[in-house]
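Shown next, in structure tokens, is the structure this report addresses.
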Amino acid sequence: MVSHEPQRITAGAQGTLQVPDTPVIPFIEGDGIGPDIWAATQGVLDAAIRSAYGDQRRITWLEVLAGEKAYRETGEWLPEGTLQAIKDHVAAIKGPLTTPVGKGIRSVNVALRQRLDLYACVRPIQYISGVPSPMRHPERVNMVVFRENTEDVYAGIEWEAQSREAEAVIDFLKDRLGVEVARDSAIGIKPMSRPATRRLVARAVQYALDHNFPSVTLVHKGNIMKYTEGAFMKWGYEVACEMFGDFVLIESERGLEREDKVPQGKVVIKDRIADMMFQQVLLRPEAYHVIATPNLNGDYLSDALAAQVGGLGMAPGANIGDHCAVFEATHGSAPKYAGQDKANPISLILSGVMMLEYLGWSEAALAIKQAVQKSISEGLVTHDLARQMPGTRELRCSEFAQAVIERLT
């Protein structure tokens, strides 16, 4: 007989998960439109699990606090209890969190990633048929971006112009290294390490092998930043060859250009300069599959790719480490639409799909993807899509969730 007592997920050796039939999963509803899209997403996830597994499986949701709601209730933007709950329960899901620009607290999102060592930001970008796109052939976009999450300029090591700390760094650069920097400069540090790069690229290559993608592209700006971004490229090739030597082919060594030359079960490792890669994903998206990149480049590139398939409202995301993972909407909190039951919940719903896949509940995940596609193909969409799709029926956020639920199979 199946036990319906809520239980924790546990992480075993090599990151393998032991997932009970009734896991407890923490959620952060988010700021702005977060409560609206979380309510929609929770309803869809619960319905899909019932549809796929009957009463054999279910999630017990545990609310934890971060962002504006946490600050109102606890005086902290990211309480320690939230971090501990995510560590204890292994998987969590969150709505968008507001971060002030240029002042105030540093990003709660970045703090979550760094404190929990969620080093891989994973962003699948794939076109859903019928969604408006600026591209002539958006269906050619099918990529997964692995963005290093803990280093680069996102490490947050910076000092304000004319501050004591900035001036001390400027003095050190001049006196000890002979480097001249304008006296009134703000200063930031861009750390990039071999261990962090290797584990990110290793996860990307393993993903490509597991999901039958024919290539992994290392995206960097190593032609200019030779000892940071250039090292990312070097260390990426290094770990690919050391850990996956029998399964990888190096593009530059083999003269490979066309993916149809890649033997079954092999992955081509290649690299591209970041600015050139933006051109490539527009002109030849079908040539790129899994992308591994440092933090800042990955932020730019994943958002640009999302625009090709209809925008951030269509793009799911996950932050994954060796011991836990947080799945999240990739867009902002859109306070203008807070509480209006108007926002598009697809990004968070599809992030929930990624979470179900992470748990190994692939049947429920597939049912949601098919139901979202069916809803869109029938012209049942939220405001952001309806205004671009003549002849469709504009639904509220909660109504769209209900439409998806009704189309689960």
Side-chain angles (χ1 to χ4, degrees), residues 37 121-147 204 207-208 211-217 219 257-260 270 272 274-293 297-318 328-332 334 343-354 357 365-366 368-395 400 403-404 407:
I37 65 172
C121 180
V122 183
R123 297 272 297 272
I125 299 101
Q126 187 173 19
Y127 181 62
I128 297 176
S129 180
V131 173
S133 166
M135 308 304 297
R136 183 174 296 176
H137 293 290
E139 72 280 358
R140 294 178 182 172
V141 177
N142 182 16
M143 302 180 210
V144 184
V145 176
F146 279 72
R147 166 190 169 200
Y207 184 93
H211 294 82
N212 298 313
F213 280 109
S215 73
V216 174
T217 304
V219 177
E257 287 292 339
R258 295 175 56 84
E259 278 61 36
D260 59 10
K270 49 192 174 183
R272 297 291 184 268
D275 46 338
M276 191 266 275
M277 188 63 176
F278 277 86
Q279 174 183 245
Q280 287 289 292
V281 297
L282 289 169
L283 299 179
R284 298 184 64 226
E286 65 278 3
Y288 300 95
H289 308 97
V290 175
I291 294 170
T293 175
N297 290 336
D299 194 2
Y300 296 152
L301 189 57
S302 55
D303 280 13
L305 281 169
Q308 292 182 222
V309 298
L312 290 176
M314 311 303 298
E328 64 177 356
T330 58
H331 52 70
N344 181 351
I346 290 177
S347 175
L348 191 56
I349 289 173
L350 294 181
S351 298
V353 166
M354 292 182 71
E357 292 171 340
L366 178 60
I368 294 173
K369 287 193 284 189
Q370 292 174 337
V372 168
Q373 172 65 82
K374 191 171 184 183
S375 299
I376 293 171
S377 67
E378 294 178 15
L380 303 174
V381 294
T382 49
H383 168 75
D384 59 318
L385 297 180
R387 63 187 178 181
Q388 304 176 69
M389 300 170 64
T392 55
R393 178 184 165 197
E394 181 176 326
L395 301 182
F400 179 80
V404 172
R407 285 155 182 79

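These values consider heavy atoms only, across backbone and side chains, with no hydrogens, waters or symmetry-generated copies.
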For residues [X] and [Y], report the shortest heavy-atom separation together with the two atoms involved.
{"X": "Gln373", "Y": "Ser129", "result": "NE2-O, 2.9 Å"}
{"X": "Ala315", "Y": "Arg123", "result": "CB-NH2, 4.3 Å"}
{"X": "Gly130", "Y": "Ile376", "result": "C-CG2, 4.3 Å"}
{"X": "Asn344", "Y": "Gly313", "result": "ND2-O, 3.9 Å"}
{"X": "Pro132", "Y": "Leu385", "result": "CD-CD2, 4.0 Å"}
{"X": "Leu305", "Y": "Val281", "result": "CD2-CB, 3.8 Å"}

[X] (side chain) donor-acceptor with [Y] (main chain) under 3.5 angstrom:
{"X": "Ser351", "Y": "Gly317", "answer": "yes"}
{"X": "Glu394", "Y": "Arg387", "answer": "no"}
{"X": "Gln388", "Y": "Asp384", "answer": "yes"}

Atom [atom1] in [X], atom [atom2] in [Y]: separation rounded to 0.5 Å?
{"X": "Ile291", "Y": "Ser302", "atom1": "CD1", "atom2": "OG", "value": "9.5 Å"}
{"X": "Asp303", "Y": "Ile125", "atom1": "CG", "atom2": "CD1", "value": "9.0 Å"}
{"X": "His383", "Y": "Thr392", "atom1": "NE2", "atom2": "OG1", "value": "11.0 Å"}
{"X": "Met277", "Y": "Arg284", "atom1": "CE", "atom2": "CZ", "value": "10.0 Å"}
{"X": "Thr330", "Y": "Leu348", "atom1": "OG1", "atom2": "CG", "value": "9.5 Å"}
{"X": "Ile349", "Y": "Ile37", "atom1": "CD1", "atom2": "CD1", "value": "9.0 Å"}

Passes side-chain contact (heavy atoms from CB on, under 4.5 Å), Leu350 versus Gln126? Steps please.
CA-CA 11 Å; Leu350 294 181; Gln126 187 173 19; over 6 Å; no

What is the ring orientation for Tyr207 with Phe213, classed by angle as parallel under 30°, tilted 30 to 60°, or perpendicular over 60°?
parallel

Taking side-chain contact (heavy atoms from CB on, under 4.5 Å) as the criterion, tell me which of Val141, Asn142, Ile128 meets it with Val309.
Val141

Only pairs at least two apart or in different chains count here, so list each salt bridge (Lys or Arg N to Asp or Glu O under 4.0 Å) that has a residue in residues 136-145.
none

Do the side chains of [Y] and [X] get nearer than 4.5 Å, heavy atoms only?
{"X": "Leu282", "Y": "Met135", "answer": "yes"}
{"X": "Arg407", "Y": "Leu380", "answer": "yes"}
{"X": "Gln280", "Y": "Val219", "answer": "no"}

Applying side-chain contact (heavy atoms from CB on, under 4.5 Å), run through Thr217 and Met143 and close with a yes or a no.
CA-CA 10 Å; Thr217 304; Met143 302 180 210; over 6 Å; no

Mind checking what makes side-chain contact (heavy atoms from CB on, under 4.5 Å) contact with Phe278, not counting sequence neighbours?
Tyr300, Leu301, Ala304

Could you walk me through whether Met314 and Val131 pass side-chain contact (heavy atoms from CB on, under 4.5 Å), step by step?
CA-CA 9 Å; Met314 311 303 298; Val131 173; 3.6 Å; yes

